[in-house]
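Step one of this worksheet: look at the structure below.
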Amino acid sequence: MSTRPCVKICGLLPGDDVTFASDPVITHVGFVMVPASRRFVSAEAAAVMVEQVRNQVQTVGVFSDADFDSALAAVRAAHLDVAQLHGSESVELCNSLKSAGCKVWKSVPVPLVQPDRTAILEACERYMPVVDAILLDAKPPRDGVSGLTGGNGVAFDWTILADVCAALDGFPLWVAGGIAPENVHALFRSCRPYGIDLSSGVETDGRKDVKRIAQLIKAVASIEYAK
Ligand SMILES: O=C(O)c1ccccc1NCC(=O)[C@H](O)[C@H](O)COP(=O)(O)O
């Protein structure tokens, strides 16, 4: 018996070709609801795209330090399956959204170099009781745009992944940050995360590129986790 990792393509924009969503390798798509992002989409625009991929993939709204009311309103208006909290949201906010019926993923930022395993594990353990998944993403580069807590196309030091995967012991763990068709095999040699999340690595000139997504699908299709 074997299974494949989940794959999320994040940062879809109106007009994107979403036919890739019917490929069984792709399990989730994401909509960035962070106003500072060049990938920002309103709940209304996301709702139209959610309808296009309904019954094919799970849909995820990405928020960064949105308040409870606006995050919940966007999840409901766009009919999203998951709220991905990508800022400094409190454990209490995660808990409140979960109690309101949302599936919640919490991102944990990982420094690009010399990440502190203990600090990362402590952050994961704080959120695990109140969320459905943890998403490790690269901390934004120092010269990055303020508020852009993700989507920066940079990878953290993956050598910590084996320890984090082992410590989470089967709890759903997503890995993000600088993943691309070219490095996905190296990532799976470091660990076997529940899922991977990509944005910049499948873009050309700032827009999702169906050829890059097809390369990713081909690379991931050959990966099987033995049970
Ligand atoms: O994608 C954005 O523009 C973004 C902005 C602010 C907060 C989060 C954002 N994206 C979150 C994601 O889930 C991305 O897929 C993840 O950070 C990986 O991005 P990349 O390194 O570009 O593959």
Side-chain angles (χ1 to χ4, degrees), residues 5-14 16 18 20-21 26-42 45-46 49 57-67 70-71 74-75 78 80-89 93 103-112 115 131-158 161 172-184 186-187 193-209 212-213 215-217 219-220:
C6 292
V7 178
K8 167 175 163 249
I9 302 295
C10 195
L12 298 187
L13 291 171
D16 281 348
V18 294
F20 67 83
I26 307 297
T27 56
H28 296 69
V29 295
F31 301 97
V32 178
M33 296 176 155
V34 180
S37 173
R38 66 178 173 81
R39 303 181 180 102
F40 171 79
V41 285
S42 66
M49 288 181 280
V57 285
Q58 294 268 295
T59 55
V60 181
V62 178
F63 303 92
S64 183
D65 294 324
D67 62 37
S70 38
V75 167
L80 296 164
D81 297 307
V82 180
Q84 175 180 324
L85 304 183
H86 220 91
S88 309
E89 295 84 2
L93 178 65
K103 270 193 204 157
V104 177
W105 299 357
K106 180 69 189 83
S107 79
V108 170
V110 181
L112 302 188
V131 300
D132 298 280
I134 294 287
L135 185 144
L136 294 185
D137 196 359
K139 206 170 170 176
R142 272 167 200 249
D143 57 356
V145 180
S146 164
L148 294 188
T149 48
N152 293 301
V154 289
F156 60 86
D157 177 356
W158 290 341
L161 281 175
L173 175 70
W174 288 77
V175 178
I179 305 173
E182 294 76 15
N183 64 8
V184 78
L187 173 64
Y194 179 83
I196 57 170
D197 173 20
L198 299 86
S199 192
S200 312
V202 285
E203 286 177 341
T204 300
D205 297 331
R207 292 298 297 252
K208 292 292 169 297
D209 178 340
R212 299 280 298 152
I213 295 173
Q215 287 167 11
L216 174 79
I217 289 171
V220 176

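In each ligand, atom 1 is the first atom listed, and ligand 1 is the first ligand listed. Heads up: numbering here begins at 1 and tracks the sequence. Note that the coordinates shown come from a computational prediction; the quantities given were computed from them, not determined experimentally.
- Contacts between Leu135 and ligand 1 below 4.0 angstrom, taking non-hydrogen atoms only, are absent altogether.
- In this structure, Gly30 falls outside the shell of residues with a heavy atom less than 4.0 angstrom from ligand 1.
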Tell me, with the steps shown, if Glu203 and Arg212 meet salt bridge (charged side-chain N to carboxylate O under 4.0 Å, His left out).
CA-CA 7 Å; Glu203 286 177 341; Arg212 299 280 298 152; over 6 Å; no

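- For atom 23 (O) of ligand 1, the closest heavy atom belonging to the protein is Ser199 N, 2.9 Å.
- Here the protein heavy atom with the shortest distance to atom 14 (C) of ligand 1 is Asp197 OD2, 3.8 Å.
- If you check which protein heavy atom lies closest to atom 2 (C) of ligand 1, you get Arg39 NH1, 3.2 Å.
- The closest non-hydrogen atom to atom 5 (C) of ligand 1, taken over Ala180, Ala155, Gly150, comes from Gly150.
- Judged as a salt bridge (charged side-chain N to carboxylate O under 4.0 Å, His left out), and not counting sequence neighbours, Asp137 has no contacts.
- With a 4.0 Å cut-off on non-hydrogen atoms, Gln84 touches ligand 1 through its side chain and not its backbone.
- Here's the thing with Gly178: one of its N/O atoms is less than 3.5 angstrom from an N/O atom of ligand 1.
- For a threshold of 3.5 Å applied to N or O pairs, the pair formed by Ser64 and ligand 1 contains no separation below that value.
- Between Trp174 and Tyr194, the angle of the ring planes goes over 60°, which puts this pair in the perpendicular group of the 30/60° scheme.
- For Arg39 (side chain) and Phe31 (main-chain N/O), no donor-acceptor pair under 3.5 Å exists by modelled atom type.
- The shortest N/O to N/O separation between Ile179 and ligand 1 does not fall below 3.5 Å.
- Partners of Asp81 according to the salt bridge (charged side-chain N to carboxylate O under 4.0 Å, His left out) rule, which considers only residues two or more places apart in sequence or in another chain, do not exist here.
- Taking only nitrogen or oxygen atoms, main chain and side chain alike, Gly151 reaches within less than 3.5 Å of ligand 1.
- In terms of polar-atom proximity, defined here as any N/O pair under 3.5 Å, Ser37 does make such a contact with ligand 1.
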